[in-house]
Engineer: 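Questions regarding the structure given below will be posed in turn.
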Amino acid sequence: MSEPTTGTAPTAIDPHLFREALGHYPTGVALITATLDSGEQIGMVVGTFTSVSLDPPLVAFLPDRGSRTFARLREASTFCVNVLAADQADLVTSWRGPESFAGVAWRPSPSGAPILEDSVAWIDCAYHQLVEAGDHYIVLGEVRSLDVQRPTCPLLFFQGGFGGFASSSFLAPADHDLIRAARLSEAAMEPLAALAAEESADVSLLALVGDHDVVIGTERGSAIRTYFEIGLRLPHLPPIGAVHLDPDEAGLARWLDRLPRKDEVSRKRCREIAERVAAQGYSLCLVGHAPDQEIWQDVTRYIHGEPTPRRRRQVLSMHLDRLDYYEPDLDPDGTYDVRSITVAVPMAGTPRLAVRMSFPPAGADGRTVARWCAQVRERAAEVADLIQIRFGQDRVLG
């Protein structure tokens with residue numbers, strides 16, 4: 001075994017580079033919970049949970065030594081590790097402290113700490129040892145009881161963002177909503193093909209699957225070569241996806257929480273966009289300035305099936321740089337280059353569908369753009385009627 005090097009000063013490590021490099025190694029995400037003697041529940045989100053030993057059974061997590069939440073967590077003699085699922089990212093980003101327990105279903109562990117109803121697994125522990133390690137603690141827990149309650153994909157932290165795990169496979173995942181949407185599209189494409197031919201635009205049918213719009217059918221008509229193709233996934237990052245928002249504050253809040261928390265200007269503008277889309281019944285986006293090459297490469301890779309957190313942030317950045325192009329006031333005599341007009345199909349149940357017209361002829365006046373918006377709304381209503389006739393899915397009056 002080689003001896004450690006001595007006599008040389010350690011190289012200073014750039015903290016930003018340290019976080020950037022280690023951020024390319026994915027970690028699981030867990031919620032550490034405890035119940036204090038006062039009866040109050042405490043919860044702390046960590047990305048450092050790990051197994052340590054089988055004999056004795058030990059696990060660990062690494063909180064910041066300056067964490068006030070951990071200081072309170074430490075007041076209890078036991079804690080419970082909740083391994084979070086891939087669909088619980090919104091819980092993590094909205095976690096505010098003890099009051100957050102009011103919004104989630106949970107039950108007490110054998111030690112009395114909260115077990116989240118939808119977590120993948122839980123591990124109930126007593127404190128075994130607390131080790132100081134630089135600016136963090138290593139908290140060793142002795143496992144007292146544990147169980148797997150929901151064997152699904154875990155939530156991962158990677159490149160500064162949250163996501164899930166996708167195993168390599170030659171088969172596309174058999175998503176129920178996507179399969180149903182493909183069947184519904186069989187009845188819907190004829191009026192969309194007619195609109196594409198009439199207005200020289202691409203017209204597509206989208207299905208809301210998870211937090212993405214998936215292209216399930218498209219008819220070509222635009223003179224511009226576009227990237228829309230069947231299977232393409234478009235993330236619902238504000239201002240995108242406003243046509244699918246429920247008319248309640250909770251749905252709008254979840255959508256806005258996908259924005260950076262401190263960006264109050266963008267949050268306010270996206271709220272205005274959502275309110276305007278709800279009032280007018282469509283989303284209108286104009287052609288904006290082109291993104292730089294690096295951002296566009298990341299965006300292209302994201303929507304074609306490589307959705308890393310870094311690329312997700314690039315997609316969001318691209319949208320936020322172009323907020324002025326969404327929901328413009330139309331001057332009847334003005335001239336506009338339209339990127340897209342999107343209308344939700346007025347249909348109850350799932351999956352939610354939308355009709356999107358993309359890249360109609362450039363240089364249209366405001367009257368023509370208004371007519372296009374009305375046409376897309378009419379086609380969306382026609383799609384709902386055709387699906388109701390063929391499949392019996394309820395039409396939403398509107």
Side-chain angles (χ1 to χ4, degrees), residues 22 25-65 67-134 136-158 161-167:
L22 295 183
Y25 179 74
T27 61
V29 184
L31 182 70
I32 312 296
T33 62
T35 297
L36 306 183
D37 290 341
S38 64
E40 182 182 10
Q41 282 73 44
I42 299 294
M44 178 181 187
V45 176
V46 301
T48 56
F49 173 69
T50 183
S51 62
V52 176
S53 167
L54 185 60
D55 185 17
L58 299 176
V59 296
F61 66 98
L62 285 68
D64 190 296
R65 289 177 61 182
S67 169
R68 287 178 291 180
T69 303
F70 177 66
R72 299 215 59 209
L73 197 74
R74 188 68 182 90
E75 294 175 17
S77 59
T78 61
F79 62 88
C80 185
V81 180
N82 288 266
V83 177
L84 299 182
D87 58 7
Q88 291 181 294
D90 286 347
L91 180 149
V92 173
T93 56
S94 62
W95 193 263
R96 292 293 182 274
E99 66 271 19
S100 297
F101 283 103
V104 297
W106 63 273
R107 68 181 192 279
S109 71
S111 74
I115 296 174
L116 301 193
E117 186 176 276
D118 291 331
S119 61
V120 174
W122 57 269
I123 304 101
D124 213 20
C125 304
Y127 283 95
H128 178 75
Q129 189 178 1
L130 190 66
V131 181
E132 293 185 3
H136 280 62
Y137 290 120
I138 301 174
V139 181
L140 291 167
E142 181 182 341
V143 178
R144 297 290 181 82
S145 56
L146 71 167
D147 195 16
V148 176
Q149 63 177 7
R150 187 178 169 216
T152 188
C153 291
L155 182 63
L156 300 179
F157 186 74
F158 175 63
F162 298 101
F165 170 77
S167 59

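Only heavy atoms go into these numbers, but all of them, side chains included; no hydrogens, no water, no symmetry mates.
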Engineer: Let me confirm one number: the CD-CZ distance from Glu40 to Arg72, rounded to the nearest 0.5 Å.
Structural biologist: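 So the CD of Glu40 and the CZ of Arg72 are separated by 4.0 Å.
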Engineer: My understanding is that only one of Phe49, Trp122, Phe70, Tyr127 makes a ring-ring contact (aromatic ring centres under 6.0 Å, His included) with Phe79; could you say which?
Structural biologist: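 It is Tyr127, the one option of Phe49, Trp122, Phe70, Tyr127 that forms the ring-ring contact (aromatic ring centres under 6.0 Å, His included) with Phe79.
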Engineer: Would you name the heavy atoms of Met44 and Thr69 that are closest together and state the gap between them?
Structural biologist: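 Closest approach of Met44 to Thr69, heavy atoms only: CB-CG2, 3.8 Å.
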Engineer: Let me confirm one number: the CZ-CD1 distance from Phe61 to Ile138, rounded to the nearest 0.5 Å.
Structural biologist: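 Going from CZ on Phe61 over to CD1 on Ile138, the span is 12.0 Å.
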Engineer: Drop me the distance from Glu142's CD to Thr78's OG1, to the nearest 0.5 angstrom.
Structural biologist: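 That separation rounds to 12.0 Å.
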Engineer: Looking only at side-chain N and O atoms, does Thr33 offer a donor or acceptor that is under 3.5 Å from a partner on Gln41?
Structural biologist: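 No, because no side-chain N or O of Gln41 sits under 3.5 Å from a partner of the opposite role on Thr33.
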Engineer: Rounded to the nearest 0.5 Å, how far apart are CG of Asn82 and CD of Glu117?
Structural biologist: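 Output value for this atom pair is 12.0 Å.
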Engineer: Can you confirm whether more than 12 heavy atoms, excluding those of Arg68, are under 6.0 Å from its CZ atom?
Structural biologist: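 It does not: Arg68 CZ has 12 such atoms or fewer within range.
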Engineer: How close do Leu156 and Gly28 get, counting heavy atoms only, and between which atoms?
Structural biologist: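 In this case the closest contact between Leu156 and Gly28 is CD2-CA, 4.2 Å.
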Engineer: Would you say CG of Asp147 has more than 12 non-hydrogen atoms from neighbouring residues, nucleotides or ligands within 6.0 angstrom?
Structural biologist: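 Check passes, neighbour count above 12.
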Engineer: Going from OG1 on Thr48 to OH on Tyr137, what distance comes out if it is rounded to the nearest 0.5 angstrom?
Structural biologist: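 One gets 14.5 Å once the value is rounded to the nearest 0.5 Å.
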Engineer: Take Ile115 and Trp106, measure what side-chain contact (heavy atoms from CB on, under 4.5 Å) needs, and give me the verdict at the end.
Structural biologist: CA-CA 5 Å; Ile115 296 174; Trp106 63 273; 5.8 Å; no
